[in-house]
Amino acid sequence: MENVTFSFKNGSKILDNFSLSVVKGEFFYIKGANGSGKSTLLKILCGLIPLKEGRVNILGKSPYRFPEILINVGAVIDGMGLYKELSLKENIYFFSCEKGLLENDIKSEIKKFEKIWKINFERKYKHSSHGMRKIAKLTLSLMNKPEILIWDEPELALDKERTEILLKLLKEYKKKGKTCILAGTNPELYEELIDRVIEKEVII
Amino acid sequence: MKILFKYKHWIVMQGIYMFIGVLTGIMYKTSGRIGGGLTVGFHFISNTQELLIPIFSLILADLAFNIEYVEGTFLTHLLTGLDRKRWFFKRLMVFYGFLIIQFFIAFLVISIGAGIITGEFGVSGVEIPSDVGTGKLILDTIKSTGANIVKMIVYVSLAVLISTCFPGKLLLGSVLSLGILFVSMRVTNLFYVKFNENKLVNILADILYLTDPNKGMLYGIMWLVLFTFVSLKKIDKITISNQGI
């Protein structure tokens with residue numbers, strides 16, 4: 001991310017000549033108060049918001065111009081939704097197909113994650129709790145064993161047991177030498193894992 | 001496409017079509033007219049002056065994009081690595097297919113509703129003029145039904161285009177497009193009455209009303225390509241806000 005400046009149409013400035021680089025294998029945490037623009041920063045990072053100033057590259061390519069690069073990224077970002085009328089399993093299956101995963105691989109991965117999380121994904125999204133929804137989104141982001149994880153407050157809505165599972169999953173991820181960008185208000189939780197923390201301040 | 005049939009909008013719509021079929025059946029019965037269920041159904045799909053299905057389908061416009069935006073699934077699609085334009089083009093093609101299927105479902109539901117009341121589900125009451133013949137009648141029905149399908153998709157694609165200008169504002173696309181359609185029809189009507197013999201006004205009427213089965217189809221496809229193209233352009237510029245649930 002190089003010299004990125006971004007403001008919303010209502011005038012609130014989110015980034016002002018902001019630069020950031022994360023190296024392969026690094027676990028990186030963006031800390032910030034509510035409303036400081038962490039989620040927007042992650043969206044810019046994933047190329048979801050067109051930029052007027054600055055540039056963003058992931059794995060050497062601009063995710064806005066070459067969105068297919070996101071196939072190698074497992075992202076859970078604020079605002080991400082799943083189909084209400086489908087079950088969690090159907091949702092994971094549907095979006096994994098869009099990522100290009102094969103039917104049998106998806107089915108076996110879903111089973112694997114159901115065991116890991118100790119959860120049943122058969123429930124409809126609209127009837128699921130916030131925690132279950134979050135777990136489904138995290139699972140979806142992990143389905144194709146991506147090179148980079150970009151997670152916005154992954155621990156939010158998870159109970160203690162699931163938070164521990166989350167940390168275990170991240171530890172395994174780190175062992176494999178993969179990269180992770182986390183954002184939230186609670187870097188202490190990931191103390192053992194994170195290599196670097198930056199603080200995203202509110203720009204007035 | 002399966003997802004599109006699961007929205008409550010769609011389910012409520014079928015109930016209303018059934019009610020319209022029943023009411024039309026009652027009208028036939030009270031006026032002493034003979035009419036089978038299919039006769040009533042064909043009236044709604046092949047009469048190019050009949051706007052019920054094209055106008056009513058406008059309420060489905062949000063399913064193409066705005067609901068995806070509001071519920072955050074648009075964002076999820078993008079996070080799977082799909083190109084915005086390519087995703088939306090594919091989505092629109094599926095959506096247009098869904099509208100065509102819905103058109104025939106409406107025909108069936110109205111026919112059943114009317115048939116329940118008149119006690120006959122066939123095509124009784126259809127009068128074939130002696131100088132026309134069955135073959136020509138069938139051909140004309142197919143032509144005008146095709147024109148009506150195109151008209152419905154054009155109206156809905158206008159609403160979809162407007163909804164891409166106001167992402168997250170549910171129903172605004174449908175309401176504004178309805179307003180645009182009625183106002184432009186009124187204005188054309190005004191011109192038509194004032195300059196009846198004017199060729200340009202006649203062409204304008206054909207372009208906007210899409211009632212002529214031959215020209216209507218051509219102009220309709222022209223509108224459809226235009227609205228789809230502009231919608232694709234708009235989708236590229238949309239900023240993702242924190243909408244998901």
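Each chain gets a letter, A, B and so on, in the order the sequences are listed, and its residues count up from 1.
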Any residue of residues 104-113 of chain A which, by heavy atoms, sits under 4.5 Å from chain B: none
Interface residues of residues 85-93 of chain B facing chain A - non-hydrogen atoms under 4.5 Å apart: B:Trp87, B:Arg91
Nearest 0.5 angstrom please: [X] [atom1] to [Y] [atom2], how far?
X       : Y       : atom1 : atom2 : value
A:Met80 : B:His77 : CE    : NE2   : 10.5 Å
A:Lys99 : B:Leu82 : NZ    : CG    : 10.0 Å
A:Lys84 : B:Ile67 : NZ    : CD1   : 7.5 Å
A:Tyr83 : B:Thr73 : OH    : OG1   : 4.5 Å

Engaged part of A:Ile150 at the chain B interface, taking heavy atoms whose separation is under 4.5 Å: neither
Region of A:Tyr64 in contact with chain B, defined by heavy-atom distances below 4.5 Å: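 For A:Tyr64, the contact with chain B is made by the side chain alone.
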Any donor-acceptor pair under 3.5 Å from B:Arg84 side chain to A:Leu48 backbone: yes
For B:Leu75 against A:Ile77, the heavy-atom pair lying closest together: CD2-O, 4.5 Å
Nearest heavy-atom neighbours spanning B:Asp83 and A:Pro67: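 Heavy-atom minimum between the residues: CA-CG, 3.6 Å.
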Check the surroundings of atom [atom1] in [X]: do more than 12 heavy atoms from other residues, nucleotides or ligands lie under 6.0 Å from it?
X        : atom1 : value
A:Lys174 : NZ    : yes
B:Lys169 : NZ    : no
B:Lys233 : NZ    : no

Side-chain heavy-atom pair B:Thr76, A:Asn91 within 4.5 angstrom cut-off: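 Side-chain contact under 4.5 Å: no.
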Contacting region of B:Ile238 [heavy-atom separation from chain A under 4.5 Å]: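 Just the backbone, heavy atoms under 4.5 Å.
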Option that, when pairs with chain B are counted at under 4.5 Å, heavy atom only, ranks first among A:Asn72, A:Ile69, A:Leu86: A:Leu86
